[in-house]
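Read the structure below first, then the notes.
Chain identifiers are assigned alphabetically (A, B, ...) following the order of the sequence lines, protein sequences preceding nucleic acid strands; residue numbering begins at 1 within each chain.
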Amino acid sequence: MSSFPSQLLTWFDQHGRHDLPWQHPRSPYRVWLSEIMLQQTQVATVIPYFHRFMEAFPTLPDLARADNDTVMANWAGLGYYARARNLHAAAKQCLERHDGDLPRDFDALLALPGIGRSTAGAILSQAWNDSFPILDGNVKRVLTRYHGIVGFPGQPAIEKQLWGLAAAHVAQVPAGRMADYTQAQMDFGATLCTRAKPACILCPLQGNCVAHAEGLVDALPTPKPSKTLPEREATALLLEDAQGRILLLKRPPTGIWASLWTLPQADTDALMREWFATHIQGDYDNAEELPLIVHAFSHYRLHLQPLNARKVALRARVGDNADLRWVSRTELANLGLPAPIRKLLERHRAH
DNA sequence: AAGTCGGGGAA
DNA sequence: TTCCCAGACTT
């Protein structure tokens, strides 16, 4: 009987995706960038960002030497901004310690910020045909079904079991086909063994699939235990000076919307009023309420109330500084803004 | 072991 | 609405 990898590769040769942007050429830098962008992000979302990034930073040293605001601006809208910070930091480390290249060594890759076990395996297998397993959402779904693994895959004990199965399969991959095997697993999970309505009727592994045999396909993988999303409220200030420029604030390098530029924001109206009083010359009570923004994060839902005040100025002793500045409409395009804030400003400009 | 970190597509 | 996606990192 043909092995799991062999059957998967036969399927891949005929039905896999062979023309994704990072496959031509399949260089270490391009594979790395794609793997980081694809963390918790679907292929269709990533593709335009990948093209823009490659245009802005054609080589790893280009990325390493780039200004952080430029990197963040090219990432803005893609989410999980720690990925961009880690990517930039890792590029700098590669320039200093690895001659401007990505190291072809598992532990050296793992030591770079933003690269975990699965991403390191994906890079080495795809860029160099080296034998390393991966364990992403696709592989977790395929393995839990194929082997009939019950239990939430995010649970450490289950995840450990899945890593073991993934490694066992890798040992059976035909020589010279590791890159294709890694891609095959992801293509298979993304296009055939999908979360909803998998195409079992077309599946080459159906005969050996435990979930299929036991009628567990729809029940696996075991879903994450659900919790009700907490609600949070906040107030934001859309402040304009006499020239119509907007006051933006650069957020710290960690936390929500890390290193992005956004509106001054506070958890309560009282705190917002206090910030206004110490930083701005103008009348807070004159500010106009803009439509409420409801934005869902992974772990809470934010109700953000924007207030608009025009023709205000910074208090003299505050002044312009690196983290707080007036931004014109044309400058706006060069800065990284959170998606809901950018939408707010675009709507506001339309009026 | 649990929490933090975005935004969008799909059902 | 809810789930979850080519996960990593912190606590």
Distance check, P atoms only: dT11(C) and dG6(B), in whole angstrom units. 16 Å

Side-chain N or O of His299(A) closer than 4.0 Å to phosphate OP1/OP2 of dG3(B): no

Within this structure, what is the CG-to-C1' distance between Leu302(A) and dG6(B), rounded to whole angstrom? 12 Å

Starting at CG of Leu38(A) and ending at P of dA8(C), how long is that distance when rounded to a whole Å? 12 Å

Looking for any heavy atom pair under 4.0 Å, which part of the strands does Gly189(A) touch: base, sugar-phosphate only, or nothing? nothing

Is Arg232(A) salt-bridged to Asp267(A), going by a charged N under 4.0 Å from an acidic O? no

Do Asp269(A) and Tyr284(A) have a side chain donor and acceptor closer than 3.5 Å? yes

For atom CG of Leu87(A) and atom C1' of dG6(B), their distance in whole Å: 17 Å

Give me the residues of residues 219-235 of chain A where at least one heavy atom lies under 4.0 Å from an atom of DNA chain C, by number, or none. Pro223(A), Lys224(A), Ser226(A)

Quote, to the nearest angstrom, the C1' distance that separates dA6(C) from dG3(B). 23 Å

Taking the nucleotide of DNA chain C with the nearest heavy atom to each, does Ser34(A) or Leu112(A) sit closer to the 5' end? Ser34(A)

Lys140(A) NZ to dC4(C) P, straight-line distance once rounded to whole Å: 12 Å

Here's a test for you: under side chain to side chain donor-acceptor pair (under 3.5 Å), which of Arg26(A), Glu35(A), Gln23(A) qualifies with Gln126(A)? Glu35(A)

If you restrict it to nitrogen or oxygen atoms, what contacts under 3.5 Å exist between nucleotides 7-11 of chain B and the protein, and what is each distance?
residue, atom, partner, partner atom, Å
dG7(B), OP1, Tyr81(A), OH, 2.8
dG7(B), OP1, Ala339(A), N, 3.0
dG7(B), OP2, Trp257(A), NE1, 3.2
dG7(B), OP2, His295(A), NE2, 2.8
dG8(B), OP2, Lys343(A), NZ, 3.4
dG9(B), O4', Gln42(A), OE1, 3.4

Sugar-phosphate, base or nothing in reach of Val139(A), heavy atoms under 4.0 Å: nothing

Taking only N and O in the side chain of Thr119(A), is any of them less than 4.0 Å away from OP1 or OP2 of dA8(C)? yes

Leu95(A), Val31(A): one ILVMFWY side-chain cluster at the under-4.5 Å cut-off? no

Have a look at Trp32(A) and say if it touches a base, only the backbone sugar-phosphate, or nothing, with a 4.0 Å heavy-atom cut-off. nothing

Residue-phosphate contact under 4.0 Å: Arg17(A) side-chain N/O, dA6(C) OP1/OP2: no

Cation-pi check, Arg52(A) onto Tyr49(A) ring (under 6.0 Å, within 45° of axis): yes

How many whole angstroms separate atom OH of Tyr300(A) from atom P of dG6(B)? 8 Å

Which part of the nucleic acid, if any, lies within reach of Leu20(A) when heavy atoms closer than 4.0 Å are counted: base, sugar-phosphate only, or nothing? base

With distance as the sole criterion, is a donor-acceptor pair present between the side chains of Thr45(A) and Gln42(A) under 3.5 Å? no

Roughly, in whole Å, what's the span from CZ in Arg117(A) to C1' in dA6(C)? 16 Å

Report yes or no: does Asp67(A) contribute a side-chain atom to a donor-acceptor pair with the main-chain N or O of Asp69(A) at less than 3.5 Å? yes

State which residues pass salt bridge (Lys or Arg N to Asp or Glu O under 4.0 Å) with Asp241(A); sequence neighbours excluded, sorted by chain then number. Arg245(A)

Sole residue of Leu248(A), Leu247(A), Asn334(A), Leu337(A) in side-chain contact (heavy atoms from CB on, under 4.5 Å) with Val327(A): Leu248(A)

To the nearest Å, how far apart are Asn86(A) CG and dC9(C) P? 6 Å

Please work out if Gln183(A) contacts a base, only the sugar-phosphate, or nothing of the nucleic acid, heavy-atom cut-off 4.0 Å. base

Measure centre to centre between the rings of Phe188(A) and His15(A), then say whether the value is under 6.0 Å. no

Measure from the side chain of Pro156(A), starting at C-beta and using heavy atoms only, and say which of dT4(B), dA1(B), dA6(C) lies closest. dA1(B)

Measure the distance from CD1 on Ile256(A) to P on dT10(C) and round it to the nearest whole Å. 16 Å

